[in-house]
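Below is one structure, written out as structure tokens, with a few remarks after it.
Owing to the predicted nature of the structure, the values given are computational and were not obtained by experimental measurement. Throughout, protein chains are lettered first and strands after them, A, B, ... in sequence-line order, and every chain is numbered starting at 1.
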Amino acid sequence: MKAEIRWIVVLTSICAVSAGLLGLVNSLTTAPIAAARAQTTLDAVQTVLPAFDRLAGPESVRTALGEADAPPMYAAFQEGKLVGVALEVSDAGGFGGEVSYMVGLLPDGKVHALRVLGHKETPGLGSKLADEKFSSQFKGLVVPAEGLKVTKDGGTIQAITGATISSRTATRSVNQAMETLRKYLQRLPAAGAQAQPTQGGSRG
Amino acid sequence: MAELTAVQDLNKGLVRENPLFVLVLGTCPALALTTTVVNALGMGLAVTFVLAMSNVAISLLRKVIPSEVRIPAYIVVIASFVTMVDMLMEAYFLSLYQALGVFIPLIVVNCIILGRAEAFAAKNGLWRSLLDGLGMGLGYMLALGSMALIREVLGNGTLLSGTPLEMVVFGEGFKANPVLVMVLPPGAFLTFGLLMVGANRLRRS
């Protein structure tokens with residue numbers, strides 16, 4: 001009986017000390033993790049849009065549209081005019097699960113740029129989704145009514161060698177983003193009133 | 001086994017008892033993550049940190065932990081260090097964290113860590129357990145790095161891709177059409193097998 005009590009005491013103490021240490025590390029890293037994520041998102045918005053001087057985040061856009069459940073959109077304005085919209089889209093059909101993108105679209109219905117936000121694709125193959133060589137193919141494209149497709153499916157986008165399934169997440173995401181934009185485009189300029197001064201987009 | 005000196009504790013992990021090529025532990029991340037040198041070294045560093053810390057903690061606790069409940073105790077200690085690495089990496093090295101994905105949490109069940117806890121740290125003092133953890137970790141990192149070096153150069157045509165030091169080996173033409181099989185799973189097994197042969201020859205000589 002004595003031995004059993006000792007097991008319980010030792011294991012419980014080890015667990016308690018571990019939990020305390022983990023809580024400490026968690027409280028130290030929560031802020032940097034949130035900041036790193038927010039910075040990644042903002043960086044992505046800035047790189048997928050043309051030059052802008054004011055940006056309305058997802059919350060402001062939702063308020064302006066009067067739809068609390070509108071998909072997350074960042075509306076960019078230059079001198080009061082809507083110059084581009086960045087949409088966060090994710091596609092669950094990747095090789096390793098969900099792939100999320102930031103897609104930059106122009107008000108005239110063209111694709112400006114796209115960038116991978118997060119993925120779990122095969123390193124060295126599907127992970128090349130993030131390469132400029134793949135994503136630059138989308139620049140300036142008009143999305144046709146039936147949507148963009150990879151060449152294997154009869155489309156125009158050259159899939160990454162050995163990673164067609166991963167590549168399809170990109171075409172589907174751009175199509176989905178364009179569909180969302182078409183739905184809201186007429187009402188998006190209203191978000192201009194709430195846009196915050198933000199520099200960015202010059203790289204596009 | 002003959003008594004080893006402190007230096008031998010440290011360097012036995014490099015070749016003589018290399019965790020990957022000789023003990024054949026931790027093969028799953030070795031096959032999956034060695035497509036780029038940066039991923040391999042990042043994983044190697046994470047494992048080295050966890051291994052050194054858990055060896056130290058378990059060596060310190062070895063007289064307190066009753067042998068009947070040692071395995072759950074080790075797992076809790078190891079899981080705590082892994083979770084710390086996981087959180088710290090996400091906070092300060094987000095892109096590496098995303099590249100390594102699920103393999104960071106999986107360090108918990110990596111046999112190298114539990115193996116060293118059971119075979120070494122539970123029987124030896126603090127200092128030697130630290131050296132053993134560092135040596136084994138560095139040996140694992142060396143093994144992952146050499147696999148990744150071969151696979152990245154042949155299968156991707158680059159070296160250190162994903163860093164500012166990225167360079168193209170064998171020219172742009174090769175980079176456009178590399179030996180793709182090397183970054184695919186079969187290439188991982190080929191590289192693993194060949195390097196294992198090499199390491200065992202080196203060990204016997």
Quick check on B/Phe81 against chain A: is it the side chain, the backbone, both or neither that has a heavy atom closer than 4.5 Å? neither
Measure distances from B/Leu94 to the heavy atoms of chain A and classify the residue's part below 4.5 Å as side chain, backbone, both or neither. side chain
[Y] versus [X], side-chain donor and acceptor atoms under 3.5 Å:
X: B/Asp132; Y: B/Asn55; value: yes
X: B/Thr158; Y: B/Glu152; value: yes
X: A/Thr169; Y: A/Tyr101; value: yes
X: A/Asn175; Y: A/Glu179; value: no

Examine whether an atom of A/Leu22 lies under 4.5 Å from a heavy atom of chain B, and if so say whether it belongs to the side chain, the backbone or both; otherwise answer neither. both
Where does A/Leu117 contact chain B at under 4.5 Å (heavy atoms): side chain, backbone, both or neither? backbone
Indicate yes or no: at least one non-hydrogen side-chain atom of B/Arg16 is less than 4.5 angstrom from one of B/Val22. no
From the list B/Leu88, B/Val77, B/Thr34, the residue making the most non-hydrogen contacts under 4.5 Å with chain A is B/Leu88
Do you know which of B/Thr83, B/Val76, B/Leu184 has the most heavy-atom pairs with chain A at a distance under 4.5 angstrom? B/Val76
